[in-house]
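The residues of the chain are indexed from 1 along the displayed sequence.
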Amino acid sequence: MARIGFVGLGNMGGPMARNLLKAGHAVTAFDLVPAALDALIGAGAARAATAAEAAHGAEVVITMLPAGQHVRDAWLGAGGMAAASEAGAVLIDCSTIDVESARAVAAGAGRPFLDAPVSGGVMGAENATLTFMVGGPAEAFARAEPILAVMGRTIVHCGDAGAGQAAKLCNNMMLAATMCVTAEAFILAEKLGLSHQALFDVASKSSAQSWALTTYCPVPGPVPTSPANRDYRPGFAASLMVKDVSLAQQAAASTGTQSPIGAKALELYQRFVAEGGGGTDFSGIIRMLRG
């Protein structure tokens, strides 16, 4: 059993922390939203009055926060979590943020620090089937891996500080573009008189196979667990996809990388969010593409 501090109990962090409790770990938690914190206390966690208090005395400290500035402030700000943590603690940030912020926190933490963003959405968080993409020292990764394995199915050490964020941004740029073209294909199939099931049966077993198709199929029916079967309730919200692909495009610009397909996917998702789709699952973009 490990002593774990956990800060950030939203749609992803809450289920992740509950899985740690189910595995028998002692979790001390904090969140700015009282209801989110109360829910985890009800599941057996100890309450911290501040983020720094959650970090104090923990062997492993985990954050799941909205953006890079929140991560910088939480770890490195006045009274921050890094300074409050034990000298031998492993610090893990599971947020999806820019690579520069991840590297800055790792450099300033004074403790072994891992950037470990996740893929798999709310269902993955609830079912402990997340994929963790981890950047940071190999020794810290080895210590953290058993804890991450409680919350996920696949844990990959991607390299040094920032490598986990780099992997996440590249992955989600690919996912966004793949979902857009998958949705377009189903719309075309409809207009050609081809059933959703027939297209799925062919594409899922041939060269067009993808996670966007076989796990998050954008039409109801072929994949019973996909958000399309529950009116596109997320899942992974379209507004979060805009955030991630925006970060990927910023990284492309800063490195001089040509990314016309990624840029187009971002444009489509920005339009979807502007038209009111931000709170629906990102696969719901098929509604907009139908016109």
Side-chain angles (χ1 to χ4, degrees), residues 96 117-124 129-131 133 154 156 165-253 255 257-291:
T96 297
V118 302
S119 180
V122 174
M123 286 191 297
T129 57
L130 294 168
T131 293
M133 296 148 271
T154 303
V156 180
Q165 297 296 345
K168 174 65 183 290
L169 300 184
C170 291
N171 178 83
N172 276 22
M173 184 172 73
M174 287 190 281
L175 176 59
T178 303
M179 182 58 77
C180 287
V181 76
T182 300
E184 287 180 346
F186 274 99
I187 294 167
L188 177 59
E190 292 165 1
K191 293 182 180 298
L192 293 173
L194 183 67
S195 72
H196 293 161
Q197 191 64 53
L199 176 58
F200 179 86
D201 289 345
V202 171
S204 64
K205 297 296 189 295
S206 61
S207 54
Q209 191 277 331
S210 70
W211 188 93
L213 174 67
T214 58
T215 302
Y216 260 49
C217 184
V219 295
V223 179
T225 56
S226 78
N229 293 287
R230 52 178 194 271
D231 197 31
Y232 300 99
R233 188 171 72 249
F236 186 65
S239 59
L240 296 177
M241 183 60 83
V242 167
K243 170 196 163 185
D244 290 3
V245 185
S246 294
L247 290 172
Q249 287 300 295
Q250 291 168 20
T255 57
T257 303
Q258 296 296 312
S259 180
I261 305 302
K264 186 62 179 179
L266 175 58
E267 176 189 328
L268 290 170
Y269 273 103
Q270 286 174 327
R271 179 180 148 205
F272 182 45
V273 169
E275 293 178 3
T280 60
D281 190 77
F282 79 103
S283 59
I285 197 168
I286 191 170
R287 290 172 162 173
M288 184 191 80
L289 294 173
R290 279 199 179 103

>> A side-chain contact here means heavy atoms from C-beta on lying under 4.5 Å apart; do T96 and L169 qualify?
In response: yes
Across all chains, not counting sequence neighbours, the side chain to side chain donor-acceptor pair (under 3.5 Å) partners of S195 are none
Under 3.5 Å, is there a donor on one side chain and an acceptor on the other for T257 and S259? no
Contacts satisfying side-chain hydrogen bond (donor to acceptor under 3.5 Å, both in side chains) that involve residues 198-208 (not counting sequence neighbours) are Q197-D201
One should read off an interatomic distance between D244 CG and S239 OG, to the nearest 0.5 angstrom, of 9.5 Å
- Query: Would you call L175 and M241 a side-chain contact if the rule is heavy atoms closer than 4.5 Å?
  - Reply: yes
Nearest heavy-atom approach of A185 to L199 is O-CD2, 3.8 Å
Correct closest heavy-atom pair for I285 and M179 would be CG2-CG, 4.5 Å
Quick note, side-chain hydrogen bond (donor to acceptor under 3.5 Å, both in side chains) partners involving residues 282-291, not counting sequence neighbours, are E190-R290, D231-R287, D281-S283
Taken to the nearest 0.5 Å, the spacing of L266 CG from I261 CD1 works out to 13.0 Å
How about CZ on R230, more than 12 heavy atoms from neighbouring residues, nucleotides or ligands closer than 6.0 Å, or not?
yes
Heavy atoms of S246 and Q270 approach each other most closely as OG-NE2, 4.3 Å
Please state whether the rings of F282 and W211 are parallel, tilted or perpendicular, taking 30° and 60° as the class boundaries. parallel
Quick check against the 3.5 Å criterion: does T255 have a side-chain atom that pairs as donor or acceptor with the backbone of A252? yes
Rounding to 0.5 Å, atoms CZ (R271) and CE (M288) come to a distance of 4.0 Å
Between A208 and L213 the two heavy atoms that sit nearest each other are O-CD2, 4.2 Å
dist Y232:OH -> I286:CD1 (nearest 0.5 Å) comes out at 5.0 Å
Checklist entry - Do other residues, nucleotides or ligands put more than 12 heavy atoms under 6.0 Å from Q258 CD? => result no
When every non-hydrogen atom of P224 is compared with those of N229, the smallest separation belongs to O-ND2, 3.3 Å
Do F236 and S119 come close enough that some side-chain heavy atom pair is under 4.5 Å? no
Assess the residue pair V223 and F200 against the criterion (side-chain contact (heavy atoms from CB on, under 4.5 Å)); give the C-alpha distance rounded to whole Å, side-chain angles, the decisive distance to 0.1 Å, and a yes or no. CA-CA 9 Å; V223 179; F200 179 86; 3.5 Å; yes
Quiz prompt | Heavy-atom check, side chain of T280 versus side chain of F272, under 4.5 Å | solution = yes
Distance col, row L289:CG vs L268:CG, nearest 0.5 angstrom, shows 6.0 Å
Close side-chain approach of V118 and T131, heavy atoms under 4.5 Å: no
Nearest heavy-atom contact between P218 and T182 is CD-CG2, 3.9 Å
